[in-house]
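Working notes, beginning with the structure itself.
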Amino acid sequence: MKLFFVSLGCDKNLVDSEKMLALLSRHSLEITEDEREAEIIIVNTCSFIQDAKQESIETILEMAQLKKEGKCRVLIATGCLAQRYAGELQKEIPEVDAVVGTSAYDEIVSVVESSLLGEKKCVLKSLDYLPDGLTDRLQTSAAYTSYLKIAEGCNKNCTYCIIPSLRGKYRSVPMEELLSEAETLALNGAKELILVAQETTVYGIDLYGEKRLPELLQKLCRIDGIEWIRLLYCYPEEITDKLLSVMKQEKKICHYLDLPIQHCNDEILRRMGRRTNKADLIEKIETIRRVLPDAALRTTLISGFPGETQKDHEECMEFVSRISFDRLGVFPYSPEEGTPAAEYGNPVPEKIKRQWADEIMEAEQEIIFRQNETMTGKKFQVIVDGYLPDEDIYVGRTYRDTPDIDGCVFFQAGYEILSGDFVTVMVTEARGYDLIGEICNEEEM
Ligand code: F3S
C-alpha cells in the first residue's frame, strides 16, 4: 500500500514526521511522492500563526479532494493543528478519518490500521506524555544534515505563543536516547547535527534537576562521523558560561547561536512575558562575542506587538543596528486565540506591523551585505549542499549558515565533489546575502 506524507511547520515537527515515517515503513507501507497514487495520506500540520494554519487547512482540503476523487482510502491529520482543532477538523472536513495529537504520534500505525477498517479516530494523549524509545528516523531530506529534537514543549509561557498549549510542558528526551539516535543518524550518513527544541538551552532541567546541554554537546562531539553540531532556539538568559566554554573548546560545535529575542524594549518584553530586559540582552551578547569572537548570531523579532509605538519600533531599529546581528528574521505579530496577548488592547494596524517588519529587514539587509563584504579573502570550511549543472557551480554553507534559513556560498571546483562533503573555500566576492568563492587545494589550506 502506498503512503503520501506531508510535513508542514517547523523542524521540530519534521522530526516527528520522520519518526512516524520510520514506524510506518516497518509495516510494509511504500512511501510515494505522488499524492495521486497514494491510498493513505497523512498531513502533519502546523498551527503557529494565521498563515501556518491557513496552509495546513488548505493542504488537508486539497488531500480531501483527492480522497473524494478516488484512490485515497485514508486521510489522517496529525500535529499542532490537529491537536488544537481536533473536533472541528473531523466535523468540518468529513474526509478526515483520524486526527492524532502532538504527543500521540507513536500511535500512528494503529491509527492507520483502524482507519483502513473504516473506524473514525481521534487520539489526543496527555501533553505530559513523551513518546519514548523512538530513536529510528526515516529522513526526508539529505541524510548528511539531520535535526535532533532534544526536548518537547515549553515552560516559558510567552504571552503571544500558543505552542505550550499545543505541545505541553518542557520534557527533555533522556540523554542516552539522544546519543543512540545521533549514533544511528551518523551511521546513516549524518555529518551535521542541528539541535532543536522549543528551547534548547534548558535541556535536562526537568529530568536531571539542572541544565545539561553542555554535557550533551560534549557527548555528541565524541560520535564518529559527526563533524558539525549546530544549536538553534537558545534563550539568551539561559546561556551559561559553561555552555560558552564548551562551545569554545569543542571543535565540532559551530560558533553559531540562534537567540530569539522578539524585541528589546523593556516594557514590551515584560508584556510579552519574556524573562529578560534590554540591558541583560546587551550584556549577554557582549559576553558571547568576547568568548566566541567569530560567533554568528541569529535572532527573530516580532513587529507590532499590541501597544508597540513608533518610538518602541525606532528603539528596536536602533538595537538591531547597534548589535549588528549576523542573521535576522522578523514576523508581524499575529494574535493567537487562547493566548494572553490576544486579549491585550491597543492593537497595531496590520499595515503598520508589516511596514515595521519591512523597515527592520531593510536595516538588517544593509548589515548583512556589509558583513559579507568583510568575508572577502577569508577561508571557510564549507559543507556542500548541491551542484548547479547549468552553471557548473557548487552550493554550500559555512558554519555561519543554517540550511534553508541563512545564506550560501557558490564556488567552482574543477573536479567532482559530493553533497555532504566538506571542502575549504576562499571567499572572493560578496553577492547580497550570499558569498562567491574558490575551492582551495590541499596545499593552500
Ligand atoms: Fe512547529 Fe508549527 Fe507546531 S511551528 S511546534 S509545527 S505550531
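Quick note: numbers below take in every heavy atom, side chains included, and nothing from hydrogens, waters or symmetry partners. Counting starts at 1 for both ligands and their atoms, in listed order. Here the structure is a predicted model, which is why all the values come from computation and not from measurement.
Legend: residues meeting side chain to side chain contact (heavy atoms under 4.5 Å, CB included) with Glu39, ordered by chain and number and at least two apart, are Met1, Lys2, Lys71.
You'll find the ring centres of Tyr203 and Tyr170 outside the 6.0 Å limit.
Listed by number with element, the atoms of ligand 1 under 4.0 angstrom from any heavy atom of Gln198 are 5 (S). Per-residue contacts place Ser47 under 4.0 angstrom from the following atoms of ligand 1 (heavy atoms of the residue considered): 2 (Fe), 7 (S).
Screening residues 348-358 for salt bridge (Lys or Arg N to Asp or Glu O under 4.0 Å) gives Glu350-Lys353, Glu350-Arg354 as the qualifying pairs, with residues at least two apart or on separate chains. Screening residues 98-112 for salt bridge (Lys or Arg N to Asp or Glu O under 4.0 Å) gives Asp106-Lys125, Glu107-Lys125 as the qualifying pairs, with residues at least two apart or on separate chains.
Residues Asp385 and Tyr144 have side chains that bring a donor and an acceptor to within less than 3.5 angstrom of each other.
Classification of the Phe422-Trp228 ring pair by plane angle, with boundaries at 30° and 60°, yields perpendicular.
Distances shorter than 2.8 Å separate atom 1 (Fe) of ligand 1 from the protein N/O/S atoms Cys10 SG.
The residue from Leu257, Val196, Thr200 that alone fulfils the side chain to side chain contact (heavy atoms under 4.5 Å, CB included) condition with Leu232 is Val196.
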